[in-house]
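Reckoned from all heavy atoms, side chains included, excluding hydrogens, waters and symmetry mates. Here is how names work: the chains are called A, B, and so on, in the same order as the sequence lines, proteins then strands, and each is numbered from 1.
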2 protein chains.
Amino acid sequence: MLFSVDPASSAPLHEQVAASVRREMGAGRLRRGERLPSAKEAASLLDINLHTVLRAYQTLRDEGLIDLRRGRGAVVTAPDPTGQARLHTLVAELVAEARRVGATRDDLTQLIESEF
Amino acid sequence: MLFSVDPASSAPLHEQVAASVRREMGAGRLRRGERLPSAKEAASLLDINLHTVLRAYQTLRDEGLIDLRRGRGAVVTAPDPTGQARLHTLVAELVAEARRVGATRDDLTQLIESEF
DNA sequence: ACCTATTTGTCCGTATGTATG
DNA sequence: CCATACATACGGACAAATAGG
């Protein structure tokens, strides 16, 4: 199943939709070049509002995961070059910045704690 | 004038609002710690919809320029491209990626530990 | 060149929920 | 408890880009 949302979940619907797509991409069930269902169609399938789906798609676009354009729809651009590698890159950037600012390891731990 | 929009412009209203705030910050007329008018108030002043202002505020938050929170409003956190704001932006990116990949908080702590 | 259908983009309005003070 | 303020979701309307006939 490409999408699925749980109306009872506390997580916002638009986030659930975005998460669904990310999961499919991560699992390789959605690959580069593939087209996502139109927002209208997805909304109909999930029985949620068109705008809610559009918001999810726009989030994915901001993350660089899909190419979303008027009149065309949404096409997967990246299969998330993923996992640990990407995570390590971000950690390296973060630590470098922390050093520059004078933040300690504990400061970062704290920040991440609250961010989660 | 803190905000101004031109209804005739082709630029989206929410972008015009965000741009206004950025300009004020850049010019030093809005400084760290200062509070922006509530979205409702700003919308009333500009004679545009509440959601349009909220969208602009949320964009600024994503950029790390303001701290926007429920029940509190919007407070300027920048200008400070290399300070805490920047750090927070990186943390946010990292955590978002971690979620995407399925990494836990402890995984991140561990990674940072070894990076330090 | 034109027309039409599809699809996203923006904006407005309304309602309800949740966090803050 | 109450007022304020943002968050989410739904709905409607129109605009603009795209694709296809």
For [X] against [Y], the heavy-atom pair lying closest together:
{"X": "A/Ala39", "Y": "A/Val53", "value": "CA-CG1, 3.7 Å"}
{"X": "B/Val76", "Y": "B/Met25", "value": "CG1-CE, 3.5 Å"}
{"X": "B/His14", "Y": "B/Thr52", "value": "CB-O, 3.5 Å"}

Q: Mind listing the residues from residues 43-58 of chain B sitting with a heavy atom below 4.0 Å of DNA chain C? Number order is fine.
A: B/Ile48, B/Asn49, B/His51, B/Thr52, B/Arg55

Q) Would B/Arg61 and B/Asp67 count as a side chain to side chain contact (heavy atoms under 4.5 Å, CB included) if you check the C-alpha gap in whole Å, the side-chain angles of each, and the deciding distance to 0.1 Å? A) CA-CA 6 Å; B/Arg61 176 180 53 193; B/Asp67 179 38; 6.0 Å; no

Q) Within the pair B/Arg69 and C/dG21, is there a side-chain N or O less than 4.0 Å away from OP1 or OP2? A) no

Q. Under the 3.5 angstrom rule, does the side chain of B/Glu34 hit a backbone N or O of B/Arg31 as a donor-acceptor pair?
A. yes

Q. Rounded to the nearest 0.5 Å, how far does OG1 of A/Thr77 lie from CD of A/Glu63?
A. 11.0 Å

Q: Calculate, to the nearest 0.5 Å, the distance between atoms CG and NZ belonging to B/Leu50 and B/Lys40 respectively.
A: 9.0 Å

(Q) Taking any atom closer than 4.0 angstrom to a non-hydrogen atom of chain B, what span of DNA chain D does the protein reach, first nucleotide to last? (A) D/dA5 to D/dA9

Q.
Would a single hydrophobic cluster contain both A/Leu54 and A/Val21, if residues Ile, Leu, Val, Met, Phe, Trp and Tyr are joined by side-chain heavy-atom contacts under 4.5 Å?
A. no

Q: Could you say whether B/Ala74 or A/Gln16 is positioned toward the 5' end of DNA chain D, judged by the nucleotide with the nearest heavy atom to each?
A: B/Ala74

Q. Rounding to a whole Å, what distance do you find between A/Arg72:CZ and C/dT6:C1'?
A. 13 Å

